[in-house]
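Let me begin by presenting the structure, written as structure tokens, before commenting on it.
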Amino acid sequence: MGNRLKEALLIEEIRYPMASYISHLECTVCGKSYPHEQLIGISPCCEKVLFARYDLAKLGREVDRDSLVSRPDTMWRYAELLPVDDTGSIVTLGEGGTPLIRTVNLAEKLGMTNLYIKEEGLNPTGTFKARGISAAVSKAVELGVNGFTMPSAGNAAGAAAAYGARAGMETKVFMPQDAPDANKKETLVAGSELNLVEGLINDAGREAVAVAKELGLFDLSTLKEPYRAEGKKSMGLEMAQQLGWKMPDAVIYPTGGGTGIIGMYKGFKELLELGWIEGKQPKFISVQADGCQPIVRAFDAGADSSEMWENATTKADGLRVPHPFADYLILEAIRSTGGTALAVSDQEMIDAMYEMATSEGIFPAPEGAATLVGLKKLLGQKFLDPDESVVLFNTGSGYKYLDLISGQKRS
């Protein structure tokens with residue numbers, strides 16, 4: 001990392017003097033441990049997802065939960081539960097600290113008493129991807145990487161480009177040819193190398209991995225490294241604090257690669273072990289597009305993993321992930337919390353973009369709007385009770401999908 005960046009990040013080091021309590025990495029299948037001081041992608045033993053583990057007993061003795069309130073309102077407020085030891089290596093654009101908005105008009109319309117929207121579209125680069133990329137890039141910088149590769153269906157590419165630029169590192173992005181123009185442009189404007197690939201995100205991922213191995217770069221593929229999930233975990237930590245250190249009854253989340261569900265489920269477990277919150281985890285509810293629903297199909301079949309969804313198609317590009325690498329972890333989070341999985345149509349998502357914006361002033365991406373569609377279906381099925389506290393996640397700004405908006409306000 002260049003001296004100028006070190007000097008710039010010194011400001012953050014002063015603002016974030018806390019050190020991580022990370023202790024090791026752990027295979028999510030067999031439990032084997034690996035050192036976090038080494039750059040590792042997937043577990044060498046099982047070739048599955050690695051989790052960052054923390055010395056929670058020590059953290060609980062040494063850190064007062066209430067001391068977090070006075071810290072800067074970004075995800076790095078929770079630095080002890082994030083994976084970066086050297087706070088001078090933190091690569092940040094101010095990600096996190098997004099509002100948890102209690103709905104008024106939507107709640108009244110749906111007959112609910114505690115309906116919230118977590119507005120992740122206010123993050124840098126306009127999506128929740130900023131959290132995961134900040135954590136992963138920061139840890140990689142700490143461990144001395146030379147640059148990055150990133151396969152993406154859209155928004156992760158823009159985030160990788162932005163944080164790669166902030167770190168002064170080469171970033172090579174691989175995207176499907178039909179990815180949104182907005183994501184292609186934000187990748188290019190930040191100086192990353194854009195490579196368009198025939199096929200879907202899985203095809204882009206294969207090329208990114210190959211180039212990373214060939215050039216000695218660090219691959220940032222979803223859950224094929226341990227740290228993006230840690231950044232996404234901060235959504236759960238933040239939500240619990242915003243609710244007065246309580247968990248909601250249900251979280252409805254648009255699911256492509258599933259890092260958000262996996263990260264929050266992990267984060268709530270850590271808060272429970274620390275004794276910072278009490279009770280049971282919220283029901284995690286996965287919403288997918290009906291043109292790409294591998295998790296829904298696996299959940300309905302009672303399977304522990306998913307199968308490739310052939311000919312995946314949806315206008316919500318973040319949901320076009322035909323075979324999530326960490327499918328087994330997504331399904332575990334859903335089942336163990338008594339949640340469910342369901343699919344919605346593209347037209348339903350687009351209609352819900354209008355509804356969320358006209359009701360609450362929040363302009364969601366179609367992925368975020370899908371959660372409102374899912375909520376309505378689950379209320380109708382009596383799966384959710386109107387008196388339960390429910391959080392909808394809008395994972396990105398609708399401004400990246402202006403091509404989906406046309407005409408007058410819809411009834």
Side-chain angles (χ1 to χ4, degrees), residues 127-129 150-158 173-187 194-208 221-223 252-261 285-301 303 305-327 330-331 341-354 364-374 376-377 393-407:
T127 78
F128 74 130
K129 300 288 186 180
M150 165 62 86
S152 172
N155 285 317
V173 169
F174 298 82
M175 302 174 70
Q177 289 182 345
D178 61 352
D181 284 342
N183 299 128
K184 295 173 184 174
K185 289 176 180 178
E186 66 180 346
T187 296
L194 175 60
N195 300 276
L196 298 179
V197 177
E198 287 191 20
L200 301 176
I201 181 65
N202 302 61
D203 303 293
R206 281 191 289 272
E207 292 205 21
S221 296
T222 301
L223 288 161
I252 305 182
Y253 198 86
T255 307
T259 321
I261 283 181
I285 297 164
S286 170
V287 180
Q288 296 197 293
D290 61 9
C292 183
Q293 47 176 310
I295 295 300
V296 177
R297 181 169 63 185
F299 178 81
D300 289 344
S305 60
S306 67
E307 296 180 358
M308 172 71 73
W309 187 273
E310 300 295 339
N311 303 313
T313 178
T314 173
K315 292 181 179 179
D317 292 275
L319 301 183
R320 196 172 61 160
V321 181
H323 194 201
F325 178 67
D327 50 7
I330 302 169
L331 291 162
L342 71 162
V344 303
S345 73
D346 281 1
Q347 190 58 58
E348 286 176 316
M349 291 185 225
I350 294 170
D351 290 343
M353 291 174 72
Y354 282 82
E367 295 89 348
T371 66
L372 176 56
V373 182
K376 289 181 174 182
K377 291 178 184 289
F393 267 81
N394 174 40
T395 50
S397 170
Y399 287 105
K400 295 193 179 187
Y401 287 94
L402 291 176
D403 59 304
L404 299 182
I405 303 302
S406 62

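- Here E310 contributes atom CD and L200 contributes atom CG; the two are 9.5 Å apart, rounded to the nearest 0.5 Å.
- Side-chain N or O atoms of K184 include one that pairs as donor or acceptor with a backbone N or O of Q177 at under 3.5 Å.
- Q293 places a side-chain N or O within 3.5 Å of a backbone atom of D290 that can act as its donor or acceptor partner.
- When the shell of 6.0 Å around CG of N311 is examined, it contains 12 or fewer heavy atoms from other residues, nucleotides or ligands.
- Here the CD1-OG1 distance, from I261 to T255, works out to 3.5 Å after rounding to the nearest 0.5 Å.
- Between M150 and T187 the shortest side-chain heavy-atom distance does not fall below 4.5 Å.
- Closest heavy-atom contact between A341 and D300: O-OD1, 4.5 Å.
- A distance of 4.5 Å separates CG in L404 from CD1 in I350, rounded to the nearest 0.5 Å.
- Taking every heavy atom of both residues into account, P294 and C292 meet most closely at CD-C, 3.4 Å.
- Between P366 and Y401, the closest heavy-atom pair is CD-CD1, 3.3 Å.
- In plain terms, the two heavy atoms of N394 and A365 that are nearest each other are OD1-N, 3.3 Å.
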Going by atom type alone, with no hydrogens or angles, which donor-acceptor pairs under 3.5 Å involve a side-chain atom of residues 317-324 and a protein atom two or more places apart or on another chain?
residue: R320; atom: NH1; partner: D178; partner atom: OD2; Å: 2.9
residue: R320; atom: NH2; partner: D178; partner atom: OD1; Å: 2.8
residue: H323; atom: NE2; partner: S306; partner atom: O; Å: 3.1

How far apart are the C-alpha atoms of V287 and I252, what are their side-chain angles, what is the distance that settles it, and do they pass the side chain to side chain contact (heavy atoms under 4.5 Å, CB included) test? CA-CA 7 Å; V287 180; I252 305 182; 3.6 Å; yes

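- A heavy-atom distance below 4.5 Å is not found between the side chains of N183 and S152.
- To the nearest 0.5 Å, atoms OG1 (T371) and CZ (F393) are separated by 9.5 Å.
- Looking at residues two or more places apart in sequence or on another chain, you find a side-chain contact (heavy atoms from CB on, under 4.5 Å) between S305 and D327.
- Within the 4.5 Å cutoff, the side chain of F299 has heavy atoms near those of the L331 side chain.
- Using modelled atom types, one side-chain atom of Q288 and one backbone atom of I295 make a donor-acceptor pair closer than 3.5 Å.
- Listed by first and then second residue, the side chain to side chain donor-acceptor pair (under 3.5 Å) pairs that reach into residues 195-206 are E193-N195, D203-R206, sequence neighbours excluded.
- Between D351 and the choices M349, E348, Q347, the side chain to side chain contact (heavy atoms under 4.5 Å, CB included) rule is met once, by Q347.
- With hydrogens and angles ignored, the 3.5 Å screen pairs no side-chain donor or acceptor of E367 with any backbone N or O of T395.
- At a threshold of 4.5 Å between non-hydrogen side-chain atoms, the residues V197 and M175 do not count as touching.
- Counting all heavy atoms, side chain and backbone alike, I330 lies closest to G257 at CD1-O, 3.5 Å.
- To the nearest 0.5 Å, atom OG of residue S286 and atom CG of residue L342 are 8.0 Å apart.
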